[in-house]
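Residue numbers begin at 1 in each chain, while the letters A, B, ... track the order of the sequences.
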Amino acid sequence: MGVDIGDLLQRSTIEVSDLSLDIVAIDAFNTLYQFLSIIRQRDGTPLKDSQGNVTSHLSGILYRMTNIVEAGVKPVFVFDGKPPEWKSSTIQKRTETRENAKVKWADAKEKGLAEEAYKYAQASSKVDATIVEDSKKLLTAMGIPFVDAPSEGEAQAAYMVKKGDADKIASQDYDSLLFGSPLVVRNLTVSGKRKLPKKNIYLDVKPEIINLKESLDELGISHSQLIDIALCVGTDYNEGLEGVGPKTALKLIREHETIEKVLKAKDLEIPNLEDIKEFFKSPDVTDDYSLKWNKPDSEAVISFLCGKHDFSEDRVTKALERLEASSGSGQSTLDKWF
DNA sequence: CATCAACA
DNA sequence: TGTTGATGG
């Protein structure tokens, strides 16, 4: 998923508290997928309510958002709209991989291969319409705004950062940088202590920030050339050149300056190349949004999570108290929050 | 991912 | 106070 150019970029580790008072545009699809694949029981089954509805994403939103809001972050979720047509083969491929994983999950479970089963269970995760709808409902009740992008969420989020309506984008993908976001935070929604499998070692996964301009300066390339590098490696919209990884791509673009010249020299083609480049540079975005953070509607959260999805009222109430305390009501963050 | 209780 | 393993829904 996304583009594999991370090794080329300048990344620096930060603390969540370094994002205090920042408006962070969260790549909703990316984050929800992360929650769905990670928040699972040991056998790989996601959290579910008594009716069988998946609730892993709701757990993730409630607790993780409470924690980052408590650290002073003002999150806004940005949801995907209609993907561009050149994404259809990638989408189809993902569907196939997912269906495949479901079969392998069942197979591994039957054979008692726990580790394999877990891996394929994770790969079976899907952010479907219900997941999106439930997430929006919970966010609204928690007082956290969201934006519906006309096209790709990361493109909309990048636009919001460039416009000054948000400070940074949170996503595990690097696509936001191709869409021109000056700052991208990774590991914001997956940070914490992670146990290394089979070993007695705990790894501290901390958020890291990528500065687009610094990365470009360090590499000595333009933004357009970074897009060209990504196109060589492969994006959600094209396959990439055979045997070309980030390092080779950088070399090729340094040598030939543009992807057009690379392709000419190698007598290769990338379908829809001009359209895709244009899309990265000026994607379809909207100004039709308003960012307003409200105090949580505790009753709504409780009736939705506890009444409808079997969450423990004790736990939800505790999270709500923390959320309410940090989102205003006498705290020092009051005027910044509203 | 998170919380929680049990323990050193 | 911090680590650990089980559980959450």
Side-chain angles (χ1 to χ4, degrees), chain A residues 1 15-17 19 24 26-71 73 75 77 114-115 117-128 130-139 141-142 144 170-173 185-208 296 298 300-327:
Chain A
M1 210 171 292
E15 302 290 335
V16 181
S17 56
L19 301 171
V24 179
I26 296 181
D27 177 358
F29 178 87
N30 189 270
T31 298
L32 293 178
Y33 183 84
Q34 215 84 23
F35 286 154
L36 289 177
S37 65
I38 292 168
I39 304 176
R40 285 169 184 268
Q41 290 162 279
R42 261 185 320 241
D43 68 349
T45 318
L47 300 187
K48 290 177 183 174
D49 61 25
S50 57
Q51 287 176 41
N53 303 301
V54 172
T55 56
S56 295
H57 57 303
L58 300 177
S59 181
I61 291 172
L62 177 70
Y63 297 118
R64 191 66 201 162
M65 286 307 116
T66 297
N67 284 341
I68 69 166
V69 165
E70 206 166 38
V73 174
F77 273 62
E115 216 165 310
Y118 194 90
K119 189 178 79 183
Y120 289 120
Q122 286 190 305
S124 307
S125 309
K126 187 189 179 195
V127 181
D128 62 22
T130 311
I131 300 283
V132 168
E133 202 182 313
D134 282 351
S135 299
K136 288 178 176 176
K137 227 180 255 179
L138 178 58
L139 288 167
M142 289 173 73
I144 296 168
S171 177
Q172 294 304 98
D173 292 347
V185 184
R186 301 184 73 242
N187 298 342
L188 181 65
T189 51
V190 291
S191 63
K193 288 236 185 277
R194 283 271 189 86
K195 197 170 68 185
L196 244 58
K198 289 201 162 185
K199 290 187 177 179
N200 231 1
I201 301 166
Y202 279 85
L203 221 98
D204 214 9
V205 182
K206 282 190 175 167
E208 60 183 25
S298 298
V301 173
I302 288 168
S303 92
F304 181 61
L305 289 182
C306 308
K308 217 175 156 202
H309 292 297
D310 303 323
F311 276 63
S312 139
E313 198 160 332
D314 256 18
R315 288 184 176 207
V316 173
T317 305
K318 259 178 208 168
L320 280 169
E321 276 166 7
R322 287 168 50 215
L323 187 63
E324 195 161 17
S326 40
S327 64

Determine: side-chain N/O of [X] to OP1/OP2 of [N], distance under 4.0 Å, yes or no.
X       : N      : result
R42(A)  : dA6(C) : yes
R322(A) : dT3(B) : yes
K48(A)  : dG8(C) : no

### Task
Consider only side-chain N and O atoms of D173(A) and S171(A), and report whether a donor and an acceptor are under 3.5 Å apart.
no
Take atom [atom1] of [X] and atom [atom2] of [N], then tell me their distance rounded to the nearest Å.
X       : N      : atom1 : atom2 : value
M142(A) : dA2(B) : CE    : C1'   : 13 Å
E321(A) : dT3(B) : CD    : C1'   : 15 Å
L58(A)  : dG8(C) : CG    : P     : 17 Å
I131(A) : dC1(B) : CD1   : P     : 18 Å
L47(A)  : dA6(C) : CG    : P     : 17 Å
R40(A)  : dA2(B) : CZ    : P     : 16 Å
E313(A) : dG8(C) : CD    : P     : 17 Å
R315(A) : dC1(B) : CZ    : P     : 16 Å

### Query
Should D134(A) and F304(A) count as side-chain neighbours, where that means a heavy-atom distance under 4.5 Å?
yes
### Query
Hey, are the side chains of V190(A) and N187(A) touching, using non-hydrogen atoms and a 4.5 Å cut-off?
yes
Which nucleotide in the list [options] gets nearest to the side chain of [X]?
X       : options                : answer
V190(A) : dC1(B), dG9(C), dC4(B) : dC1(B)
I38(A)  : dT3(B), dC1(B), dG9(C) : dC1(B)
I39(A)  : dT3(B), dC1(B), dG9(C) : dC1(B)
N67(A)  : dA6(C), dA2(B), dG9(C) : dA2(B)

### Task
Of all the heavy-atom pairs spanning M65(A) and F77(A), show the shortest one and how long it is.
SD-CE1, 3.7 Å
### Query
Using a cut-off of 4.0 Å on non-hydrogen atoms, how would the nucleic acid contact of F311(A) be classed: base, sugar-phosphate, or nothing?
sugar-phosphate
### Message
Any base atoms under 4.0 Å from S312(A), or only sugar-phosphate, or nothing? Heavy atoms, all strands.
### Response
sugar-phosphate
### Query
Please walk me through it: do L188(A) and L19(A) pass side-chain contact (heavy atoms from CB on, under 4.5 Å)?
CA-CA 10 Å; L188(A) 181 65; L19(A) 301 171; 3.7 Å; yes
### salt bridge (Lys or Arg N to Asp or Glu O under 4.0 Å) contacts touching residues 61-70 of chain A (sequence neighbours left out)
E70(A)-R322(A)
### Query
Does R315(A) have any side chain to side chain contact (heavy atoms under 4.5 Å, CB included) partners at least two apart in sequence or in another chain, and if so, which?
Y63(A), S312(A)
### Residues within residues 59-66 of chain A bordering DNA chain B, heavy-atom distance below 4.0 Å
Y63(A), R64(A)
### Message
Quiz question: going by heavy-atom distance under 3.5 Å, is there a donor-acceptor pair between the base of dG8(C) and the side chain of Q41(A)?
### Response
no
